[in-house]
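First comes the structure, then the notes that go with it.
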Amino acid sequence: MTTPGRWPAPFPCPRTALMSRYAPAEIESRWQAVWAEHETFKAVHSANKPKYYVLEMFPYPSGRIHMGHVRNYTMGDVIARYKLSTGHAVLHPMGWDAFGMPAENAAMQSGGHPKDWTYQNIADMRAQMKPLGLSIDWSREFATCDPEYYGQQQALFLDMLEKGLVYRKNAVVNWDPVDMTVLANEQVIDGKGWRSGADVERRELTQWFFKISAQSEDLLEQLDSLDDWPAKVKLMQSNWIGKSRGLQFAFDRTDGGQIEVYTTRPDTLMGASFVGISPDHPLAKELEAADPKVAAFCIDARKGGTTEEAIETGEKLGYDTGLRVKHPFDPAWELPVYIANFILMDYGTGAIFGCPAHDQRDFEFATKYGLPIIPVFTPEGEAEQPLKAAFVPPKTEPVHYVRGFAGADVQTGEAAVNAAVDHCESRGIGQGVTKFRLRDWGLSRQRYWGCPIPVIHCDTCGVVPEKKENLPVELPYDVTFDVPGNPLDRHPTWRNCTCPKCGADARRETDTMDTFVDSSWYYARFTAPHAKTPTDMAEAAYWMNVDQYIGGIEHAILHLLYSRFFARAMHQTGHLSSTAVEPFDALFTQGMVTHEIYMTRDANGRPVYHLPEDVTDGKLADGMAVEIIPSAKMSKSKKNVVDPMNIVATYGADTARWFVLSDSPPERDVEWTASGADATAKHLARVHRICTEITDLPDGTAKGDDDLLRAMHKAIRDVTMGVESFGFNAAIAKLYAFTNTLAKSEAGGTAKKLAARTLAQLMSPMTPHLSEELWSLLGGSGLVATARWPQADEAMLVETTVTLPIQINGKRRSEIAVPTDMPASEVEKLVLADEAVIRALDGAAPKKLIVVPGRIVNIVV
RNA sequence: GCCGGUGUGGCGGAAUGGUAGACGCAGGGGAUUCAAAAUCCCCCGAUGGCAACGUCGUGUGGGUUCGAGUCCCUCCACCGGCACCA
């Protein structure tokens, strides 16, 4: 038998032989042109269709796309293409998160301009993304650094200012005393400035804030309504918002005056051994001004970065102010007052009482300064004994109170806190207060490449909003980055202006906005990217909410929380409806793409990294062996990067897309391996070959038809389920299996053609170009991209027999095939008659026989 | 330090509390070929056994259950976040 299309063949048909070769480069550009010509992926507001909005977190325009992008956007593309084929009006846009520090860093290093650098990067990245064949409506593209976008962001800011959602207050920043500039957290390395190397200080600055804390309760409560968000993300947000009930009360100072403290553990009041105040506490500042020794300590205490991590892990320092307070239960019991570097002014009242027995941080502090450690409770059933470390059980665990003052002797921390609050309130000592950990969102950045904050400082009128007709307040182009600091600050003509209210000389605000602001509402802007207001309410009403949002787990807290806040603020200012305050109906967090790192060492023993393409079988071209470091997130500095463009050029976009979806579950990291990519390309070539061979078969029936069609309907069911539940790797495994079934099938030409067409269609969300090609070769009508998704026929999925494994004491010993509907009593008889069972039982009588219908049988002896 | 997650063959991984290792890669054997490439078929956790078959096995140690990769507790390792990286 000759197989048409194989080479060599006795009577080769040149046309078929040529077409049987899988040529992704030719296929992919051809079909991309067809989609563009037909505007297949243009999002069209269609009142008669259900809409579907799928959004991947937009990229920062670094200049090169990486495999993580390919994976992220391919996942969204699978969903978008699937929804298109199920009759939805699909919105699948793309944009650029274009403001931020790297552009300024590049300008400092190579002398260019952040704007030029950014727009060039955008052009480069767009050119790299287009060959991937993503079903994106490119007509909606924008960058957050487009004045058209950030002008509307300024309008939004002014509306929020008017509604009281924005205000100014002091807050600490990382200050580089040598460069005289504010540093980002990532620019502080081991407490030192990244360029100057100077010890970083925490310094207070007047800054702009969004009142996100006013929404704490709502942001927390509404998490419950987000059914299609990962539980872990909701838990992280819930912990971040951090609702807690505690006691706020005042200690009386022995010298008069009071210190107001807040505690979440009032039940440990009898274990108090000191009072601590933040170095930024008003009392600390008062003492600092009067006493040089206190001032010297405060300078020390303010050293280091502002991150919670730096404060929590840094050395705990305290200074005994000499002041004493009286314990609220016993005026004769005096506690020392310390200034301590680990107490934040931003949380609670900036003052605490320390209970070393039940807080590890306080324990270390007390040990260091020789303060008493007084246990309040012990593990249930254990006697009191000297502690080697703080005893901090979960609040839900019952413990034995040896120095309790309210509630039962044995109770949970939770119960004890409530009892303690009630007790203190009844004695007139403070009151129960519910507080949140969530702080207001500081949006001021002392940097150039961001959205200017549209306000003006006037000596007579104070802070005056810019008039809306003057928006956008555009960034000036003529700036330099040869000196550290914000070029806007030293730009005379831009900075100097007149007050919109009184017309006097005034100064423009030179702080720009945190880039998180840009990404907190872009999803809404995509619904009408060129509207003359932040949103077009009719378009927003149709397209919002985002039905499926996809992005990295690293955004689980800040970006998503800020976006939820912004959607609420946009509702309050009339830019989104009340139904859009939770903007993302479903969220999926995908893993990273990783790769091994290849390293050698130079003469000085310093590591030298090598690109994967320079390494073959663990050796460099010159034969030198490389050290292989296990897979890590792809990063330029470690050179463990695979350029997607090389992959697309070598194998085609469909191979890149299929590979990043196969093997690893999407929420987990995927490791890029050269052999994996190679194998994927081979598989796609095989599918192409199998299908083109089928094209040439005559129509007709054969005995294998039923088996093949049953397998086809199972594949439809399984792949559909996989796509709908983000089980892309599972869907692909089923497609491999179905391809094998089709290749071995003895069905007739008619059934095979149907099966092959269905295979092409089921693959189309992942390998859209190859699928279009096969669909058209196999006689599919129109484009596979817009063809109706196949439906599994329930009747073809019914099984009549099932194989039951038989376990004895939980170990598998045998199996039997029984009709699916056989009653359990009948199954029992068959099981006990089974030869292997009789042998395994060896005359012993079964104690118990468990039959789980359709699943398993277990005999207990 | 605090919060969240992950851990299964040589490798990526599959498995509503019900046959651990689907599917793929790598590896081994064979077919086809003058030869090769390509393709096709078979084997492939460890260990004992000629075999039938047995024993062990899902990071560690315990627990719940007729039955645990899956649920609970302990510890270890790694990853993400910690409010100015995006």
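Below, read A as the first sequence line, B as the second, and so on, with proteins coming before strands; counting in each chain starts at 1. Excluded from the calculations below are hydrogen atoms, water molecules and symmetry mates; all remaining heavy atoms, backbone and side chain alike, are included. In this text, all values refer to a predicted model and were calculated from it rather than measured experimentally.
With respect to the salt-bridge test (charged N to carboxylate O, under 4.0 angstrom), the residues A:Arg71 and A:Glu56 do not qualify. Salt-bridge check for A:Lys232 with A:Glu667: failed, with every basic side-chain N at 4.0 Å or more from each acidic carboxylate O. We find that A:Lys169 and A:Glu204 are not joined by a salt bridge, their nearest charged nitrogen and carboxylate oxygen being 4.0 Å or further apart. A:Asp440 has no carboxylate O lying under 4.0 Å from a charged side-chain N of A:Lys211, or vice versa, which leaves the two without a salt bridge.
Within the 4.0 angstrom heavy-atom criterion, no nucleotide atom of any strand lies near A:Ser519. Within the nucleic acid shown, A:Arg839 has no heavy atom closer than 4.0 Å to any nucleic acid atom. Nucleic acid contact for A:Arg686: sugar-phosphate only, since backbone atoms but no base atoms lie under 4.0 Å from a heavy atom of the residue. Using a 4.0 Å heavy-atom criterion, one finds that A:Leu235 contacts the sugar-phosphate atoms exclusively. Here A:Gln446 lies in heavy-atom contact (under 4.0 Å) with a base. Counting non-hydrogen atoms under 4.0 angstrom, A:Lys744 reaches the backbone sugars and phosphates but no base. Residue contacts for A:Gly552: at a heavy-atom cut-off of 4.0 Å it reaches no nucleic acid atom on any strand shown. No engagement by A:Asn809 is indicated, since no non-hydrogen atom pair under 4.0 Å with the nucleic acid exists. Within 4.0 Å of A:His555, counting heavy atoms only, lies at least one base atom of the nucleic acid. A:Ile311 comes within contact range of no nucleotide atom at all, as no heavy-atom separation falls under 4.0 Å. Base engagement by A:Val852 is indicated by at least one non-hydrogen atom pair under 4.0 Å involving a base atom. Among the atoms of the strands shown, base atoms are found under 4.0 Å from some heavy atom of A:Val182. Across all strands, A:Glu315 comes closer than 4.0 Å to no nucleic acid atom at all (heavy-atom distances).
Note: CD1 (A:Ile553) to C1' (B:G81) measures 9 Å, nearest angstrom. Rounded to an integer number of Å, the gap from A:Lys811 NZ to B:U55 P is 6 Å. B:C85 atom C1' lies 9 Å from atom CG of A:Asn185, rounded to whole Å. Between A:Asn174 atom CG and B:C85 atom P there is a gap of 9 Å when expressed in whole angstrom units. Between A:Arg203 atom CZ and B:C84 atom P the separation is 19 Å, expressed in whole Å. A:Met125 places its CE atom 12 Å from the C1' atom of B:A86, with the value rounded to the nearest Å. When the C1' atom of B:A83 is taken as reference, atom CG of A:Leu344 falls 11 Å away, rounded to whole Å. The distance between atom CG of A:Asn858 and atom P of B:G67, rounded to the nearest whole Å, is 8 Å.
Straight-line distance between the C1' atoms of B:C75 and B:A26: roughly 35 Å, to the nearest whole Å. When the C1' atom is compared between B:A14 and B:C3, the two are found 31 Å apart, to the nearest whole Å. The gap from the P atom of B:G7 to that of B:C72 amounts to 14 Å, rounded to the nearest Å. A gap of 11 Å separates the P atoms of B:U70 and B:G17, to the nearest Å. One C1' atom belongs to B:C25, the other to B:C44, and the distance between them is 13 Å to the nearest Å. For the P atom pair drawn from B:A52 and B:C71, the interatomic distance equals 36 Å after rounding to whole Å. B:G61 and B:C66: their C1' atoms are spaced 24 Å apart (whole Å). Atom P of B:A15 sits at a distance of 15 Å from the matching atom of B:U8, rounded to the whole Å.
With a 3.5 Å limit on both pairing distances and Watson-Crick or G-U wobble geometry required, the stems of 3 or more pairs in RNA chain B span B:1-7 with B:76-82, B:10-12 with B:23-25, B:27-31 with B:39-43, B:45-48 with B:53-56, B:61-63 with B:71-73.
If you check B:C85, B:C66, B:C84 against the side chain of A:Val173, the one that comes closest is B:C84. For A:Phe516, taking side-chain heavy atoms from C-beta onward, the closest of the listed nucleotides B:C66, B:G5, B:A86 is B:A86. The side chain of A:Thr313 lies closest to B:G1, out of B:C40, B:C66, B:G1. Side chain of A:Thr803, nearest nucleotide from B:U19, B:A38, B:G54: B:U19. Nearest to the side chain of A:Trp240, among B:A83, B:C84, B:G1, sits B:A83. The side chain of A:Glu554 lies closest to B:G81, out of B:C84, B:G81, B:C66. Of the candidate nucleotides B:U19, B:C23, B:C84, B:C23 has the atom nearest to the side chain of A:Tyr736. In the set B:G1, B:C84, B:U55, B:G1 carries the atom at the smallest distance from any side-chain atom of A:Glu309. For A:Tyr60, the listed nucleotide lying nearest its side chain is B:A86; candidates were B:A86, B:U55, B:A20. Set against B:C23, B:A83, B:G13, the side chain of A:Pro665 has B:G13 as its closest nucleotide.
Side-chain atoms of A:Asn239 and base atoms of B:C3 include no donor and acceptor less than 3.5 Å apart. On a pure distance criterion of 3.5 Å, no polar donor-acceptor pair joins the side chain of A:Glu308 and the base of B:C3.
Distances shorter than 4.0 Å separate none of the side-chain N or O atoms of A:Asn105 from OP1 or OP2 on B:C85. Between A:Lys848 and B:U65 there is no side-chain polar atom (N or O) within less than 4.0 angstrom of OP1 or OP2. Contact annotation: A:Arg813 reaches the phosphate of B:G54 (side-chain N/O to OP1 or OP2, under 4.0 Å).
Note: A:Phe342 and A:Phe365 have perpendicular aromatic rings, judged against thresholds of 30 and 60 degrees for the angle between ring planes. A:His69 and A:Tyr73 have parallel rings, their planes meeting at less than 30° on a 0 to 90° scale where 60° marks the start of perpendicular.
Place A:Lys682 and A:Arg812 on RNA chain B by their nearest nucleotides, and A:Arg812 ends up nearer the 5' end. Mapping A:Glu312 and A:Asp440 onto RNA chain B via the closest heavy atom, the residue that lands nearer the 5' end is A:Glu312.
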Criterion side chain to side chain contact (heavy atoms under 4.5 Å, CB included) on A:Ser662 and A:Asn729, from CA distance to verdict
CA-CA 4 Å; A:Ser662 63; A:Asn729 57 322; 5.7 Å; no
I'd like to know whether A:Ser520 forms a side chain to side chain contact (heavy atoms under 4.5 Å, CB included) with A:Phe565, so could you lay out the CA-CA distance, the side-chain angles of the two residues, the decisive distance to 0.1 Å, and finally the verdict.
CA-CA 8 Å; A:Ser520 289; A:Phe565 163 70; over 6 Å; no
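A centroid separation of 6.0 Å or more is found between the aromatic rings of A:Tyr549 and A:Phe588. Annotation: A:Phe210 is not in aromatic contact with A:Tyr562 [ring centroid separation under 6.0 Å not met]. Ring centers of A:Tyr651 and A:Phe659: at least 6.0 Å apart, outside the cut-off. For A:Phe728 and A:Phe726, the distance between ring centers is under 6.0 angstrom.
With its glycosidic angle more than 90° from 0, B:G69 is assigned anti.
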